[in-house]
Novice: 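Structure provided below as structure tokens; questions to follow.
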Amino acid sequence: MKLRQKVIFLAIAPLIVALCAIALFVRQQAVTLAHDQRAAIQQAYMDSRQAELRHYVELASHAIAHLSASGRSDPATLEQAKRTLQSLGFGDDGYFFVYDMQGRNLMHPRQPELVGRDLWNLRDQYGTPTIQNLVKVARQGGGLVRYNWVKPTTGKSVPKLGYVVPIAHWGWIVGSGLYLDDVQAALDKVDARQSRNIETTLWWIAGVAILSALAVGAAGLALNASESRVADAKLRALAQRVVDGQEQERARLSRDLHDGISQWLVSIKLQIEAGIIRMKGNAEQQQKAHASFERTAEELNKVLGEVRRISHGLRPALLDDLGLAAALGHLAEEFEEHSGMPVAFSADGALDGLPTPVSTVLFRIAQEALTNIERHAGAHRIELRLERTRSRASAWYEPDLVRLTVADDGAGFDAQGVETHPQRGIGLRNMAERLDAVGGTLGISSTAAGTTLCASVELAQ
């Protein structure tokens, strides 16, 4: 997986996980709320139906109250009470029934075939003794009873809520009931509506998750494209600087070879040719030839010194043979010799065995810094210091740091302005890039009293 794909994945994956967690939490809360709401609706509905049922039975009791309160229990009075109750009803399935205390049906307007039958041992499909429970509640003074009974309009046995009251001196129980299948149907509708609402909410969350993931992915791709363009531009600029640096170095070498070594070699060639001609002459000419050869030897020594200087500028042998401290010391001597500015060099700490890349980078930075001082600073004194803060045997919590410090007493410059200027500060940017390649940092402090450059590299433990 490429880096940009990893970045996009790490951006999208937590978002998807968070939205899934939110969806699960919302669903759990919605289900819990739906259950609570269903229970509240069911309780309210049942309370309403119970109050309604009591009201119906109270109306029926008031309808025959004048007969039961008369104290008569003759067949004519009982028959008149039955006819009154039979004439009462509510809705398609609302009616009143009458049983005696022994479970024999005395009046049933919807099922006349039950009249006169002993139903004491009647049980529903679950084995519950229906009539016995009605009689039991009536003997306790009346109340609500749940049981299953055949619904007249459908012919099916469904749950029913009954309410019975006793008429003690007649030995009757009078009651009515409300079928609860419509309550269950209403609750099922509530459950279905709540399920649809939960499903819709989850779909909305899924839609938001998909749109968010697409937005993050698109933003990531756009950012990657933008960063790629910026990185390509920086890479092209860096490549151009490398090419420019190479060309500048080649031009410098060409000037050094043409203006210095080439002219010296031509002069030496001419002197040797003149000496050869004089060697064929008299003693005086031979003596002049001997002097010419001596001057030629001196010129050859100068040519060899120049070759060593150019070679040392490219990469000093001391850096590989004796280490960074010796190479910097030699660099300070050469710079002081050809520039005339005194350079105070000092080295402190265990500087042996530094990694080759670190040594090369610090040496190049010292070269660049001294060149900049010579060209721009107008300094009279330079201090070059190399130090290592601790050896590898020191305490574990101290950083193993190698630091190069170059300080001068020159005029100083605007470090921040030079760093941000597009046409200036190429040398400083090259130093920073070299240090960045080995994990180091570059610090510059410049005032009118002088400039201090500090290059630090933390060595791996």
Side-chain angles (χ1 to χ4, degrees), residues 41-65 67-68 75 78-140 142-167 170-192:
I41 293 174
Q42 183 178 13
Q43 184 63 41
Y45 199 77
M46 291 303 299
D47 291 343
S48 174
R49 300 305 295 270
Q50 291 173 6
E52 180 184 2
L53 188 57
R54 290 191 186 95
H55 181 66
Y56 287 149
V57 175
E58 288 175 359
L59 289 177
S61 299
H62 287 308
I64 62 172
L67 298 175
S68 62
L78 298 179
E79 191 64 28
Q80 183 180 356
K82 292 177 186 178
R83 285 196 301 269
T84 301
L85 293 174
Q86 190 170 8
S87 64
L88 300 176
F90 48 94
D92 296 334
D93 297 309
Y95 58 89
F96 296 93
F97 55 80
V98 180
Y99 289 87
D100 63 16
M101 292 297 181
Q102 287 72 40
R104 186 166 59 90
N105 185 269
L106 301 180
M107 188 273 294
H108 201 296
R110 296 294 191 273
Q111 293 176 284
E113 68 275 9
L114 299 179
V115 178
R117 292 179 54 183
D118 184 2
L119 303 178
W120 180 259
N121 295 319
L122 178 67
R123 296 177 181 270
D124 61 16
Q125 66 267 34
Y126 303 107
T128 304
T130 305
I131 307 303
Q132 293 180 25
N133 288 339
L134 292 174
V135 173
K136 179 181 178 181
V137 173
R139 285 177 174 172
Q140 294 174 353
L144 296 167
V145 184
R146 280 178 177 257
Y147 58 95
N148 289 315
W149 197 264
V150 176
K151 189 174 183 179
T153 55
T154 63
K156 296 180 179 180
S157 178
V158 297
K160 186 177 183 180
L161 178 65
Y163 188 83
V164 294
V165 293
I167 302 179
W170 285 354
W172 285 8
I173 61 171
V174 177
S176 183
L178 296 173
Y179 293 96
L180 302 179
D181 56 336
D182 56 343
V183 177
Q184 187 61 43
L187 294 175
D188 291 341
K189 289 182 180 179
V190 171
D191 291 340

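What you are looking at is a predicted structure, and each value in this text was computed from that prediction instead of being measured.
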Novice: What class does the angle between the rings of Trp149 and His108 fall in, given that below 30° is parallel, 30 to 60° is tilted and above 60° is perpendicular?
Specialist: parallel
Novice: Output, in order, the C-alpha distance, side-chain angles, deciding distance and verdict of side-chain contact (heavy atoms from CB on, under 4.5 Å) for Gln111 and Asn105.
Specialist: CA-CA 10 Å; Gln111 293 176 284; Asn105 185 269; over 6 Å; no
Novice: If I take atom OG1 from residue Thr130 and atom CG from residue Asp124, how far apart are they, to the nearest 0.5 angstrom?
Specialist: 4.5 Å
Novice: Which heavy atom of Ala60 sits nearest to which heavy atom of Leu88, and what is that distance?
Specialist: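 Shortest heavy-atom contact: CA-CD1, 3.9 Å.
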Novice: Taking the side chain as every heavy atom from C-beta outward, state whether Leu67 and Trp170 have any atom pair closer than 4.5 Å.
Specialist: yes
Novice: Distance from Glu52 atom CD to Asp47 atom CG, nearest 0.5 Å?
Specialist: 12.5 Å
Novice: Is Asn121 close to Gln132 at the side-chain level, that is, under 4.5 Å between some pair of heavy atoms?
Specialist: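 In short, these two side chains touch, coming nearer than 4.5 Å.
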Novice: Ser176 versus Leu53: any side-chain heavy-atom pair under 4.5 Å?
Specialist: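 Answer yes - side chains close enough.
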Novice: Do the non-hydrogen side-chain atoms of Val174 and Leu85 ever get within less than 4.5 Å of each other?
Specialist: yes
Novice: So do the side chains of Leu134 and Phe97 get within less than 4.5 Å of each other, counting heavy atoms only?
Specialist: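 In short, these two side chains touch, coming nearer than 4.5 Å.
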Novice: Salt-bridged, Asp93 to Lys160, with N to O below 4.0 Å?
Specialist: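 Looking at Lys160 together with Asp93, the answer is no, because their closest N to O distance does not fall below 4.0 Å.
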Novice: So Val115 and Met107, do their side chains get closer than 4.5 Å, heavy atoms only?
Specialist: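 No, every pair of side-chain atoms sits at 4.5 Å or beyond.
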Novice: Is the Phe90 ring parallel, tilted or perpendicular to the Phe96 ring (thresholds 30°, 60°)?
Specialist: perpendicular
Novice: OG1 of Thr84 to CD of Glu79: how many Å apart, nearest 0.5 Å?
Specialist: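 Answer rounded to 0.5 Å: 10.0 Å.
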Novice: On a heavy-atom basis, which atom in Gly94 and which in Arg110 lie closest, and how many Å separate them?
Specialist: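 For Gly94 versus Arg110, the nearest heavy atoms are O-NH2, 3.4 Å.
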Novice: As an exercise, state the distance from CE of Met46 to CG of Leu144, rounded to the nearest 0.5 Å.
Specialist: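 Between atom CE of Met46 and atom CG of Leu144 there are 8.5 Å.
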Novice: Do Lys82 and Trp172 have side-chain heavy atoms sitting under 4.5 Å apart?
Specialist: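 They are in side-chain contact.
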Novice: Taking the side chain as everything from C-beta on, heavy atoms only, tell me whether Tyr147 gets closer than 4.5 Å to Asn133.
Specialist: no
Novice: Write down the atom of Gly142, the atom of Pro166, and the distance for their closest heavy-atom approach.
Specialist: N-CD, 4.1 Å
Novice: Could you walk me through whether Ile64 and Ile167 pass side-chain contact (heavy atoms from CB on, under 4.5 Å), step by step?
Specialist: CA-CA 10 Å; Ile64 62 172; Ile167 302 179; 3.6 Å; yes
Novice: Which pair of non-hydrogen atoms, one from Gln102 and one from Asp118, has the smallest distance, and what is that distance?
Specialist: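 Looking at all heavy atoms of both residues, the closest pair is O-OD1, 3.6 Å.
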